[in-house]
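Have a look at the structure below before the remarks.
The residues of the chain are indexed from 1 along the displayed sequence.
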Amino acid sequence: MEEQAHKLLEEGIQKKLVSPGRGELPTFIDGTKVIFHYRTSLCDGTVLDDSRQMGGRSKPMELILGKKFKLAVWENVVITMKQGEIAQFTCTTKHTALYPLVSQSLRNISAGKDPLEGQRHCCGIAQIHSHHSLGHQDLDQLQAHPQPLIFAIELLEVLSPGSFQLDVWAMTDKEKLDLVPQIHEEGNTLFKQGQIKQATEKYYNGIACLKNLQMKEQPGDETWIKLDHMITPLLLNYCQCQLLQGQYYEVIEHCSSLLFKYDDNVKALYKRGKAHAAVWNETEARADFAKVVDLDPTLGPSVAKELRAMEDRIRAKDKEEKGRYKGLFNNSQPATATTG
């Protein structure tokens with residue numbers, strides 16, 4: 001342990017043991033998965049991030065060693081720890097320069113956003129030297145004035161290669177592409193079983209895999225188009241799940257994006273028509289349903305059923321509103337003149 005601490009000091013990292021771990025030091029080879037909680041602070045004690053609180057939930061960090069994570073220092077320090085150990089690592093600026101970008105991604109993930117938001121067209125080093133805002137004042141400040149940071153880490157678990165399924169972000173492009181059909185089938189099975197929320201997550205993960213690959217291609221190129229054709233059925237299935245969960249505006253948004261590229265996609269038109277009908281967009285719903293029938297006359301009975309249901313809901317709503325206004329006026333009392 002002393003040898004490891006000395007090596008860290010030579011690299012500009014000072015380790016302080018807070019609580020000893022259990023057992024022997026694990027064997028950390030490439031492909032090992034490490035799961036840990038972290039708290040990042042400035043040297044004056046100001047906390048920047050805490051994995052136990054980010055996004056209002058306690059979600060630990062997961063790393064696959066050897067996958068060249070952007071913040072290499074985290075790999076360097078966890079391999080000196082036992083399972084269950086808690087330690088603080090004070091790291092010099094050369095190890096922390098990229099932390100603002102890493103923190104931005106982690107904060108985006110915790111908020112349910114795209115982890116690459118704001119980083120698509122600029123590499124890490126270039127962005128560090130630019131004046132691009134990361135959307136967080138504390139991170140902008142740290143980016144403009146890099147400084148040492150303290151990482152308080154609790155190593156929760158160490159999993160050897162092959163003992164766990166790789167997360168999507170840790171896969172190679174080929175592994176991602178090979179995984180999509182499996183994810184799609186798992187989503188279909190869950191949907192048939194009525195497990196809509198779980199199916200939604202599967203379809204979302206499949207879309208994320210393909211979108212990640214598509215981002216590396218030039219829009220309109222052959223590979224980009226092939227990936228887009230793979231995304232389309234997954235996105236339609238995702239929209240069907242969202243319809244069932246009442247997320248109508250999201251369905252409208254996704255189906256509209258599909259129809260912008262493929263204006264004759266009957267399934268997208270049909271789902272968007274149902275979503276419009278659900279949020280009282282009668283004109284838009286009728287337009288979508290009319291085009292559905294033009295493109296596929298066999299869907300006429302299904303469209304007629306949806307239109308009748310929409311009309312029934314509109315009549316019921318009108319009747320309810322008339323009753324409400326009638327009651328309002330009937331209950332109103334005439335003004336009474338008074339004399340002083």
Donor-acceptor check, side chain of [X] to backbone of [Y], threshold 3.5 angstrom: yes or no?
X      : Y      : answer
Tyr38  : Phe151 : no
Gln104 : Leu134 : yes
Lys176 : Asn212 : no

Whether His254 and Tyr238 hold their rings parallel, tilted or perpendicular, with breakpoints at 30° and 60°: perpendicular
Aromatic ring pairing His229/Tyr262, orientation class (parallel under 30°, perpendicular over 60°, tilted between): tilted
Could you work out the complete set of other residues in the hydrophobic cluster of [X], with links drawn between I, L, V, M, F, W and Y side chains under 4.5 Å apart?
X      : value
Leu243 : Tyr248, Tyr249, Val251, Ile252, Val279
Leu190 : none
Ile225 : Trp224

Residue list, side chain to side chain contact (heavy atoms under 4.5 Å, CB included) with Lys94, at least two apart or on another chain: Thr92
Salt bridge (charged side-chain N to carboxylate O under 4.0 Å, His left out) against Asp178, all qualifying residues, sequence neighbours excluded: Lys174
For residues 18-30, please give each side-chain donor-acceptor pair under 3.5 Å, one per line with the distance, not counting sequence neighbours.
none

Any side-chain donor near an acceptor of the partner, Ser133 and Asp140, under 3.5 Å: yes
